[in-house]
Each structure stands twice: as C-alpha cells, then as structure tokens.
Amino acid sequence: MSPVPTSPARSPLARLAHAAHFAARAHKDQQRKGIDAEPYVNHCLEVCELVLIAAEPGDVEVAIAALLHDTVEDVGVTRADLVAEFGERVAELVMHVTDDKTLCKHDRKRLQIEHAPHLPRDARLIKISDKTSNLRALVRTPPVGWGPERLADYVVWAAAVVEACGPTDAVLEALFREAHAEATRAHPG
Ligand code: ZN
C-alpha cells in the first residue's frame with residue numbers, strides 16, 4: 001500500500017487518528033462479507049470502540065492495535081510496517097491476533113482456541129471485541145452464501161475462543177454474551 005502521510009503531531013490522539021486513517025487506507029478495497037457489504041474499516045472502528053471499554057485508561061496503543069488488528073492478516077501490511085509506523089508494542093499486539101495464513105482454516109480456528117489463554121490481557125481484549133463485532137454482524141447482515149450450519153458453527157466457535165480467553169472485563173464479557181445470545185437465536189443451526 002502507498003504510504004499514509006504522517007502528521008508531525010504525535011500526541012496520543014494524533015497517533016490514534018493516524019491509525020484510523022492507516023486502517024481506512026489499508027482496507028480501502030475490502031468490504032465486509034455481509035449482505036450490506038459495509039466498508040471493512042467499519043469493523044476495525046467497532047473493535048476499537050469495544051476495546052476502549054476495557055482498556056487501561058489512557059492506553060492508546062491497545063486502541064491503535066485494535067484499529068489495525070486485521071491489516072497483517074488481510075491486506076499484506078507487514079510486522080515491520082507496523083513497527084515503523086506505530087512501534088513495537090502495537091506490532092506485537094497485532095501479531096498476537098493474526099492467524100498464520102499458511103495453515104488451513106481448520107487449524108487456524110483450532111489454534112485460536114489453544115493460544116487464547118496464553119495471550120496477554122490486551123490481546124485478549126482485542127480478540128473478544130473482534131468476536132463481538134463479528135457476531136453482531138452475523139445477526140445484522142449475515143455473510144452472503146453462508147448456510148445455516150456454517151453460521152451456527154461460527155457462533156459456537158466464537159464462544160469457544162472467548163471462553164478460552166478467560167476473565168478479562170465484566171462489561172466487555174457482558175457485551176459478548178449479549179451478541180452471542182442474539183446470534184444463537186438468529187442462527188440456531
Ligand atoms: Zn477482525
């Protein structure tokens with residue numbers, strides 16, 4: 001992707017805005033799988049909003065990582081790009097929630113459950129927020145071409161990943177449970 005111009009201002013809010021701009025540019029050609037085909041960056045913004053419910057006050061880097069959480073997996077941004085633009089901790093967090101695309105889908109899904117308990121709390125916050133956003137989308141605008149079984153499988157799997165994350169934040173967990181309950185009602189299998 002062509003470089004995103006960097007603002008000379010480097011306050012936490014300026015860094016956050018830069019990350020939002022970076023994510024929007026990185027995902028500019030991508031849409032969500034749902035029938036509404038929403039711009040992909042809507043999901044990144046929602047995940048960031050959710051993460052900020054549970055992040056330590058003033059921890060802008062976890063919010064930045066939430067905005068960027070799908071850039072390595074989906075659009076070819078590299079770890080080195082993230083280090084250069086946003087620093088080591090943001091890159092590390094994004095890599096914690098990035099699947100290894102050399103593996104088959106089945107293994108990637110299994111490994112998300114296996115790895116979840118070993119992730120730092122910040123990465124688990126991103127993971128729970130990601131699954132909450134995805135389950136909400138499954139209800140609001142289900143993916144084109146997904147049959148009842150695939151939809152129900154995703155709902156069950158998302159709950160298994162969040163369960164494996166263990167305790168994190170009561171409010172975030174409650175929002176996940178709400179999204180999960182609605183998705184289960186919408187897609188019982
Ligand atoms: Zn995501």
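Quick caveat, the model's predicted, so the values are computed rather than measured. Counting starts at 1 for both ligands and their atoms, following the listed order.
Summary: NE2 is the N/O/S atom of His69 found nearest to the Zn ion (ligand 1). Atom OD2 is the N/O/S atom of Asp70 found closest to the Zn ion (ligand 1).
One finds no salt bridge joining Lys127 and Asp130 here, because no Lys/Arg side-chain nitrogen approaches an Asp/Glu carboxylate oxygen to under 4.0 Å. Electrostatic pairing of Arg15 and Glu61 counts as a salt bridge here, judged by a charged N lying under 4.0 Å from a carboxylate O. Salt bridge Glu38/Arg140: present, at least one basic N to carboxylate O contact under 4.0 Å.
A donor-acceptor pair shorter than 3.5 Å cannot be found between the side chains of His96 and His118.
Computed with the Zn ion (ligand 1) at the centre, the His43 NE2 to Asp130 OD1 angle is 80°, stated to 10 degrees.
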